[in-house]
Amino acid sequence: MILSEQEINGFEICKYESTNITQTRYNPETKELIVFFGRAGRIFKYFPVEYDNYLFFKSSESQGKYFISNIQKNPDIQFEPYKPVENND
């Protein structure tokens with residue numbers, strides 16, 4: 001379930017009521033989906049994730065189940081660890 005949703009600098013940012021996936025950031029231009037995993041505290045970038053796939057993911061009853069079946073196990077989608085850029089302003 002989505003707790004909040006906003007757009008910042010071209011990213012669609014969603015926070016979820018979930019212990020597995022706590023937040024996502026999606027860039028429709030680059031088709032990159034950044035996933036914040038709650039329990040493990042890890043962050044990964046998945047690409048390319050088509051916009052329709054992202055919409056189904058964020059609106060699904062269980063983001064975790066949809067993510068595993070349609071994004072994580074999709075052989076056409078690559079992933080890599082992601083480290084957010086710190087803003088020192």
Side-chain angles (χ1 to χ4, degrees):
M1 169 191 263
I2 296 175
L3 294 174
S4 67
E5 193 171 359
Q6 62 182 330
E7 186 177 328
I8 300 175
N9 297 329
F11 281 90
E12 294 182 24
I13 300 172
C14 288
K15 293 185 180 181
Y16 303 93
E17 184 180 338
S18 171
T19 54
N20 291 325
I21 296 174
T22 58
Q23 184 182 138
T24 57
R25 297 178 185 177
Y26 182 74
N27 185 327
E29 260 188 48
T30 61
K31 299 180 182 177
E32 294 175 342
L33 177 65
I34 299 166
V35 180
F36 292 71
F37 293 95
R39 288 185 184 151
R42 300 181 120 183
I43 307 168
F44 285 90
K45 177 172 68 174
Y46 294 82
F47 55 96
V49 176
E50 297 297 328
Y51 191 65
D52 287 348
N53 199 2
Y54 169 69
L55 290 178
F56 283 122
F57 160 76
K58 78 173 190 172
S59 64
S60 69
E61 188 174 316
S62 170
Q63 281 82 25
K65 287 179 184 177
Y66 185 91
F67 173 79
I68 290 168
S69 298
N70 299 283
I71 297 174
Q72 191 176 52
K73 290 186 176 181
N74 185 329
D76 297 326
I77 297 176
Q78 300 175 47
F79 71 96
E80 61 188 33
Y82 179 81
K83 183 171 181 169
V85 177
E86 291 186 26
N87 189 353
N88 294 324
D89 290 340

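Numbers here are sequence positions counted from 1.
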**Student:** Which heavy atom in G10 sits nearest to a heavy atom in P28, and how many Å separate them?
**Tutor:** O-CD, 3.5 Å

**Student:** Rounded to the nearest 0.5 Å, what separation is found between the CG atom of N27 and the CD1 atom of I13?
**Tutor:**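 Between N27 CG and I13 CD1, I get 10.5 Å after rounding to 0.5 Å.
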
**Student:** Check this for me: does any side-chain nitrogen of one of E5 and K15 sit under 4.0 Å from a carboxylate oxygen of the other?
**Tutor:**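 No salt bridge links E5 with K15.
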
**Student:** Enter the distance from C14:SG to Q23:CD here, rounded to the nearest 0.5 Å.
**Tutor:**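 These two atoms lie 9.0 Å from each other.
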
**Student:** Mind checking the CD1-OG1 spacing from I71 to T24? Nearest 0.5 Å is all I need.
**Tutor:**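 If we round to the nearest 0.5 Å, I71:CD1 and T24:OG1 are 9.0 Å apart.
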
**Student:** Is there a path from V35 to I2 through hydrophobic residues (I, L, V, M, F, W, Y) whose side chains come within less than 4.5 Å of each other?
**Tutor:**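 V35 and I2: one cluster.
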
**Student:** Is the ring centre of Y82 less than 6.0 Å from the ring centre of F47?
**Tutor:** no

**Student:** Go through E12 and R25 one step at a time and tell me if the salt bridge (Lys or Arg N to Asp or Glu O under 4.0 Å) criterion holds.
**Tutor:** CA-CA 5 Å; E12 294 182 24; R25 297 178 185 177; over 6 Å; no

**Student:** Mark yes when over 12 heavy atoms from residues, nucleotides or ligands other than E61 sit less than 6.0 Å from its CD; otherwise mark no.
**Tutor:** no

**Student:** Does the side-chain contact (heavy atoms from CB on, under 4.5 Å) test come out yes or no for I77 and N53, once each step is laid out?
**Tutor:** CA-CA 11 Å; I77 297 176; N53 199 2; 4.0 Å; yes

**Student:** Evaluate side-chain contact (heavy atoms from CB on, under 4.5 Å) for Y46 paired with I34, printing each intermediate quantity in order.
**Tutor:** CA-CA 6 Å; Y46 294 82; I34 299 166; over 6 Å; no

**Student:** Would a 4.5 Å heavy-atom cut-off, applied to side chains only, mark Y66 and K58 as touching?
**Tutor:**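 No, every pair of side-chain atoms sits at 4.5 Å or beyond.
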
**Student:** Once you round to the nearest 0.5 Å, how far does NZ of K45 lie from CD of E80?
**Tutor:** 4.0 Å

**Student:** From the options F56, F79, F37, select the one residue that forms a ring-ring contact (aromatic ring centres under 6.0 Å, His included) with F67.
**Tutor:** F37

**Student:** Find out whether F11 and Y26 are in side-chain contact, i.e. whether some heavy atom of one side chain is under 4.5 Å from a heavy atom of the other.
**Tutor:**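 No. Closest side-chain heavy atoms not under 4.5 Å.
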
**Student:** Tell me whether L55 is reachable from Y16 by hopping between hydrophobic residues (I, L, V, M, F, W, Y) whose side-chain heavy atoms are closer than 4.5 Å.
**Tutor:**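 Yes, it is one cluster - the side chains of Y16 and L55 are joined through contacts under 4.5 Å.
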
**Student:** Output the distance between atom CE (M1) and atom CG (L3), rounded to the nearest 0.5 Å.
**Tutor:** 7.5 Å

**Student:** Could you state whether F44 and F57 fall into the same hydrophobic cluster, counting links through intermediate Ile, Leu, Val, Met, Phe, Trp or Tyr residues with side-chain heavy atoms under 4.5 angstrom apart?
**Tutor:**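 Same cluster.
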
**Student:** So, taking the atom named CD in Q78 and the one named CG in D76, what distance separates them when rounded to the nearest 0.5 Å?
**Tutor:**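 It comes to 9.5 Å.
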
**Student:** Is any side-chain heavy atom of Y54 closer than 4.5 Å to one of L33?
**Tutor:**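 Counting from C-beta outward, L33 and Y54 do come under 4.5 Å.
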
**Student:** Please check if the number of heavy atoms outside E7 that lie under 6.0 Å from its CD is greater than 12.
**Tutor:**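 More than 12 heavy atoms, drawn from other residues, nucleotides or ligands, come within 6.0 Å of this atom.
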
**Student:** Can you see which heavy atom on Q63 is nearest to which on S60, and at what distance?
**Tutor:**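 In terms of heavy atoms, the two residues are closest at NE2-O, 3.2 Å.
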
